[in-house]
Amino acid sequence: MITPSTIAVFEHVMKEFAAELREIGLVIDREPERIHEFLHMPSMQAINHMMIPPEYGGQPIVTIGNERYYGLSSLERVITIEKLAAGDAGAFLGGPGPSMSSIVMMDLADEEQKERFYSHFMKGASWAFFAMSEPEKGSDATDIGTRITRQPDGGIELNGHKIYIGNGSRARVGLVFAQTNRTPLGIQIALVDPSMKGFTATPLDTMGLCALQISHLKFEGFPLEEKDIIGRHLSPTKRGLWGALRTFHRMRPSVAALALGVAQAAYDYVLEHRSIFKEREKMELERMEMRLHSLRSMIRNAAAEIDHDAQKGYLASLSKIRAAALAEEATELALDMMGPGSMMEHPLLNKWYRDARAFEFMEGTTSIQKINVFQAYANGKMQHA
Ligand SMILES: Cc1cc2nc3c(=O)[nH]c(=O)nc-3n(C[C@H](O)[C@H](O)[C@H](O)COP(=O)(O)OP(=O)(O)OC[C@H]3O[C@@H](n4cnc5c(N)ncnc54)[C@H](O)[C@@H]3O)c2cc1C
C-alpha cells in the first residue's frame, strides 16, 4: 500500500540513485558502450531488478518495514522513475533490466517462459528489448510486416525489420511482435534469443537519449519453436495485440513520469545556478512550478487508475500528452534563463533539451494519444473519471 510516508521513503532512496545516474549521464550520452563500466553501481543493480517479481528472483527496489516494493505497480513505477529521470533519463533508460517487456511477461507468458526470461537478469546485469515499431509504421500497431511462418518440415521462422528499439543492440533476450495472418488476432509475440543466427542489430544515431541505443533489428530466417510463442496457453483474444495494448496503458504513465523528471531537473537547475531573477522571470518560474506539481498529481492518478483497471488508458494518455510538452517547454525555459551561450556552457541543459524531444515519440505520439482520449470520450468512459 502506497501512502504519503511511503512516497517520501521512495523519493529519498531514489534521490541517492538519481545522483549516481547524474554522474554518468553525460559520459554514456557521448559513448553509450561505456555503460558497462557502471553496472556495479547500486542504482544500476536496482534498475536491473526493477519489475522482476520476487518468485522469479527479483530483489526489492525499496523496503519499508515488512513491505517490499519491486516496481510491479504503475504507481510505484511513476514515483521511482520520475526521480531517476531527474537524475538522468538516458542513464536510467540505457540501464539494464527487463523494463516494459516484464509487463507482457507477467500478463501473458507461461511458467517456463517466465523462468527463461527472468533468469537472464539473475546472472548479472542484462537487457531486454520490446520490438514492435517497424520502419514507417510505428504508430499503427495493427499493421505489422514481420511474419511468423510455419514451414512444411514443422519448423517456425521469423522474418522482418524492427526500428527504434530501445537497447536493441545490447539485449540478451527480446520480445518481437509479428503476424501469423493478416487479422488483429493473427498478431503474436515471440520470445527471442538474440544470440541465435538470423538476427542483426544496428544502433542508430540519435539526437537525444543516446544511452538507450535505439536500434534497427533484422530477423532473417530466425528460428523459433512453439515454446517461444508468448501466451500459447491463452485464447487468441487474450494475447498478441490485446496484451500489447494493456502493456502500453500500463507503461504510458511511466513515460509521462520520465518526461516530468526531465522537466523538474531543468527547473531545479535554474534555481541552483541563478539567484536573482527579474519579475517576469519569477512569474514564469512560478507558473512552471505549478504545472510541475499539477502534472505530478495527474500522472499519479493515472497510474493508480491503471493499477485498478488496465483497460482505462485515457488519463495516462492525457498525462503523457502534457508531460511530453512540459519537458520540451521546461528545458527551453531553462536554456533561455541561463542566457546566451547556455547550450555550450551548460552541457546538462544541452543534453536534457535533446532528451526531452524523444518523449513525444515513445509509447505513441501526441496525435495517437489524442485519438485514445477521443475514443474514451466517445465511448462514454470519461464520464466516470
Ligand atoms: C527514444 C525512443 C525509444 C523507442 N523505443 C521503442 C521500443 O523500445 N520499441 C518499439 O517498438 N518502439 C520504440 N520506439 C518507437 C516509437 O514507438 C515510434 O517512434 C512511435 O510509435 C511513432 O512511430 P513512427 O516514428 O514510425 O512515426 P509515424 O507512425 O510514422 O508517425 C509520424 C507522424 O504522423 C502522425 N500520425 C501517425 N498516425 C496518425 C494518425 N492515425 N492520426 C494522426 N496522426 C498520425 C504521428 O503523430 C507522427 O507525428 C521508440 C522511439 C523513441 C523516439
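Both ligands and their constituent atoms are indexed starting at 1 by order of listing. Computed from a prediction, not measured in an experiment: that's the story for all the values here.
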Problem - Heavy-atom nearest neighbour in the protein, as seen from atom 12 (N) of ligand 1, with distance rounded to 0.1 Å - result: Ser133 OG, 2.7 Å

Problem - salt bridge (Lys or Arg N to Asp or Glu O under 4.0 Å) pairs, two or more places apart, involving residues 196-222 - result: none

Problem - Any N or O of Ile371 closer than 3.5 Å to N or O of ligand 1 - result: no

Exercise for the section: Evaluate the side-chain proximity of Met298 to Arg322: yes if any heavy-atom separation is below 4.5 Å, no if none is. Expected result: yes

Practice task
Please identify each residue that fulfils side-chain contact (heavy atoms from CB on, under 4.5 Å) with Gln59, with sequence neighbours left out.
Solution key: His49

Completion exercise
ligand 1 atoms nearer than 4.0 angstrom to some heavy atom of Ser367 are 43 (C), 44 (N), 47 (O)

Fill in the blank from the handout: Counting from 1 in the order shown, the ligand 1 atoms closer than 4.0 Å to a non-hydrogen atom of Met132 are 10 (C), 11 (O)

Handout entry: Close N or O approach (Gly166, ligand 1; < 3.5 Å)
Key = yes

Handout entry: 4.0 Å protein heavy-atom contact status of atom 36 (N) of ligand 1, strictly under
Key = no

Handout entry: Leu212, any N or O under 3.5 Å of ligand 1 N or O
Key = no

Problem - Winner among Tyr164, Phe177, Phe248 once heavy atoms are compared against atom 7 (C) of ligand 1 - result: Tyr164

Handout entry: Any donor-acceptor N or O pair under 3.5 Å, side chains Ser294, Ser297
Key = no

Exercise for the section: Give the atoms of ligand 1, by number and element, whose distance to some non-hydrogen atom of Phe361 is under 4.0 Å. Expected result: 16 (C), 17 (O), 18 (C), 19 (O), 20 (C), 21 (O), 53 (C)

Practice task
Give a yes or no on whether the backbone of Ser43 and the side-chain of Glu20 come within a donor-acceptor separation of less than 3.5 Å.
Solution key: yes

Exercise for the section: Give the residue and atom name of whichever protein heavy atom lies nearest to atom 3 (C) of ligand 1, and the separation in Å to one decimal. Expected result: Ile214 CG2, 3.6 Å

Exercise for the section: For the pair Glu76 and Lys83, find out whether any cationic side-chain nitrogen is under 4.0 Å from an anionic carboxylate oxygen. Expected result: no

Problem - atom 47 (O) of ligand 1 protein-contacted (non-hydrogen atom, under 4.0 angstrom) - result: yes

Handout entry: Ion pair check, Asp193 and Arg116, cut-off under 4.0 Å
Key = no

Exercise for the section: From the options Glu225, Glu226, Glu157, select the one residue that forms a salt bridge (Lys or Arg N to Asp or Glu O under 4.0 Å) with Arg150. Expected result: Glu226

Practice task
Around atom 39 (C) of ligand 1, find the nearest protein heavy atom and jot down its residue, atom name and distance.
Solution key: Ile368 CD1, 3.8 Å

Completion exercise
Looking only at protein heavy atoms, what sits closest to atom 23 (O) of ligand 1 is Gly138 CA, 3.2 Å

Handout entry: Carboxylate-amine/guanidinium contact Glu363 Lys320, below 4.0 Å
Key = no

Exercise for the section: Give a yes or no on whether atom 16 (C) of ligand 1 lies under 4.0 Å from any heavy atom of the protein. Expected result: yes

Exercise for the section: Tell me which protein heavy atom sits closest to atom 2 (C) of ligand 1, plus the residue, atom name and distance to 0.1 Å. Expected result: Met362 CG, 3.5 Å

Problem - Proximal ligand 1 atoms for Phe130, defined as those under 4.0 Å from one of its heavy atoms - result: 7 (C), 8 (O), 9 (N), 10 (C), 11 (O)

Exercise for the section: For Phe130 and Phe177, run ring pair (Phe, Tyr, Trp, His ring centres under 6.0 Å): C-alpha distance rounded to whole Å, both residues' side-chain angles, the deciding distance at 0.1 Å, then the answer. Expected result: CA-CA 8 Å; Phe130 178 98; Phe177 285 74; 5.2 Å; yes

Fill in the blank from the handout: The option among Leu204, Val176, Asp143, Thr365 carrying the non-hydrogen atom nearest to atom 49 (O) of ligand 1 is Thr365

Practice task
Verify the ring-centre separation between Tyr377 and Tyr314: is it less than 6.0 angstrom?
Solution key: no

Completion exercise
In this structure, atom 30 (O) of ligand 1 is nearest to the protein heavy atom Glu136 O, 4.2 Å

Handout entry: Backbone of Thr149 reached by a side-chain donor or acceptor of Arg147 within 3.5 Å
Key = no

Completion exercise
Among Ser139, Gly90, Pro135, closest by heavy atom to atom 27 (O) of ligand 1 is Ser139

Handout entry: Any protein heavy atom < 4.0 Å from atom 33 (C) of ligand 1
Key = no

